[in-house]
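One structure below.
Along the sequence shown, the residues carry numbers beginning at 1.
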Amino acid sequence: MIVPHATSPRAVTKAVVPAAGLGTRFLPATKATPKEMLPVVDKPAIQYVVEEAAAAGLDDVLMVTGRHKRAIEDHFDNAFELEQALAAKGDAIRLDAVRDPARLANIHHIRQGEPLGLGHAVLCARRHVGDQPFAVLLGDDLIDPRETLLSRMLDVRDRHAGSVIALMEVPPEQIHLYGCAAVEASGEDGVVRVTGLVEKPSRMDAPSSYAVIGRYVLDPAVFDALERTPPGRGGEIQLTDALQELAAGGTVHGVVFDGLRYDTGDKADYLRTVVRLACERDDLGPEFTAWLKEFVAGLEEGTGPGRRPLAA
């Protein structure tokens with residue numbers, strides 16, 4: 001089970017996980033399977049996200065899904081027949097693994113009727129969240145379980161109120177892939193004031209090298225801002241645009257993160273994530289790492305496992 005990092009009661013107890021995207025970058029695998037359910041070793045990506053929320057002390061999780069995402073709801077529900085079969089076999093390890101997703105938090109689901117963007121998905125959570133601050137965790141961004149980014153963000157929210165976003169420095173040639181923040185020093189190590197935000201700017205128009213990654217702790221004022229936000233880039237309601245309004249009022253801080261992050265929304269990064277996490281597993285790592293070294297050595301020699309030597 002997940003042990004919370006937090007040692008005192010939190011003002012923030014709710015998390016929202018937008019999971020309604022179509023997953024077009026992973027077609028055809030995501031034609032019938034939600035991208036959030038793609039396995040990262042032996043757990044779906046979205047389970048890592050919910051585990052992160054639970055570890056930070058957030059025990060109320062709302063998933064914003066779409067009509068083809070029933071598998072997500074099933075994964076975080078009890079599976080009576082499977083549990084009964086495993087119990088009859090005395091397979092306690094797999095039984096715990098099957099039961100764990102439903103025990104992580106109080107998990108709720110709501111559907112985003114139309115794919116109108118991240119901002120709209122967050123807006124769908126308004127009735128559930130009410131007038132409380134809340135966290136938003138994007139399923140494409142996995143933060144290494146050993147990191148405490150979300151807990152740090154919650155601490156900043158406790159001290160400063162307003163909204164808090166996670167920032168990471170990226171190379172200039174990658175900034176167009178992210179929301180980008182204009183920042184100024186706050187006098188606090190690892191924390192900045194956010195003075196402006198731009199969604200996926202060109203390299204020339206980017207106000208900094210600080211990219212917004214998929215962790216937010218939001219003040220409920222964001223809902224009114226989202227209601228006023230017209231469709232932006234891609235014809236979608238962008239969360240970045242609503243946060244720009246709040247940043248102009250001086251109520252947004254950023255936590256600079258330089259730890260381990262895995263972008264499972266990108267095919268190459270997804271593969272790197274699987275390999276890295278598998279290598280670090282006590283039960284898989286030694287055997288898999290030995291095979292991996294042999295495989296890489298074969299590639300360098302031009303004779304990978306199962307391949308014929310290249311002709312001289």
Side-chain angles (χ1 to χ4, degrees), residues 1-5 13-23 26-113 121 124-125 128-129 134-145 150 214 262 264-265 270-271 273-275 277-278 280-285 288:
M1 294 297 292
I2 300 300
V3 178
H5 297 311
T13 61
K14 295 185 177 182
V16 174
V17 180
L22 297 176
F26 276 84
L27 287 170
T30 50
K31 178 181 177 182
T33 302
K35 66 175 182 177
E36 297 84 4
M37 291 299 295
L38 293 178
V40 178
V41 188
D42 55 2
K43 291 190 294 191
I46 198 167
Q47 184 171 333
Y48 290 87
V49 175
V50 178
E51 288 174 351
E52 181 187 351
L58 306 182
D59 59 6
D60 185 312
V61 177
L62 175 68
M63 296 189 182
V64 183
T65 65
R67 65 188 184 91
H68 296 299
K69 301 296 183 88
R70 179 64 183 270
I72 296 176
E73 297 181 27
D74 290 343
H75 181 71
F76 289 97
D77 198 358
N78 293 310
F80 176 76
E81 293 84 357
L82 178 57
E83 292 174 23
Q84 191 175 49
L86 292 170
K89 292 180 180 179
D91 193 340
I93 293 176
R94 289 187 175 87
L95 181 58
D96 276 344
V98 167
R99 286 175 171 170
D100 276 350
R103 299 188 296 200
L104 288 170
N106 295 317
I107 298 176
H108 313 268
H109 304 270
I110 190 173
R111 288 187 176 181
Q112 182 184 17
C124 289
H128 181 83
V129 169
F134 63 103
V136 173
L137 297 86
L138 304 191
D140 286 349
D141 276 339
L142 301 189
I143 304 299
D144 192 281
L150 188 54
Y262 312 111
T264 60
Y270 170 80
L271 294 173
T273 299
V274 173
V275 170
L277 294 182
E280 293 180 353
R281 288 268 295 261
D282 291 338
D283 58 336
L284 296 174
F288 183 63

Between [Y] and [X], is there a side-chain heavy-atom distance shorter than 4.5 Å?
X	Y	value
Val136	Pro18	yes
Glu83	Asn78	yes
Leu284	Val41	yes
Phe134	Leu58	no
Val50	Gln47	no
Glu51	Pro145	no
Ile46	Phe76	yes

Between [X] and [Y], which heavy-atom pair has the shortest distance, and what is it?
X	Y	answer
Thr264	Ala45	OG1-CB, 4.5 Å
Val98	Ala79	CG1-CB, 4.5 Å
Val49	Asp141	CG2-O, 4.4 Å

Measure the spacing between [atom1] of [X] and [atom2] of [Y] and express it to the nearest 0.5 Å.
X	Y	atom1	atom2	value
Tyr48	Leu277	OH	CG	5.5 Å
Leu22	Thr30	CG	OG1	8.5 Å
Leu104	Glu52	CG	CD	12.0 Å
Met63	Ile72	CE	CD1	7.0 Å

Residues at least two apart in sequence or cross-chain that pass ring-ring contact (aromatic ring centres under 6.0 Å, His included) with Tyr262, listed by chain then number, are none

Those residues that, when tested against [X], pass salt bridge (Lys or Arg N to Asp or Glu O under 4.0 Å) (two or more places apart):
X	value
Arg281	Asp42, Asp283
Lys31	none
Lys35	Asp140
Asp74	Arg70

Side chains of residues 84-97: which donor-acceptor partners sit under 3.5 Å, not counting sequence neighbours?
residue : atom : partner : partner atom : Å
Asp91   : OD1  : Arg94   : N            : 3.2
Asp91   : OD2  : Arg94   : NH1          : 3.0

Determine the interplanar angle of the His128 and His108 rings, folded into 0 to 90°, and report it as parallel if under 30°, tilted if 30 to 60°, perpendicular if over 60°.
tilted

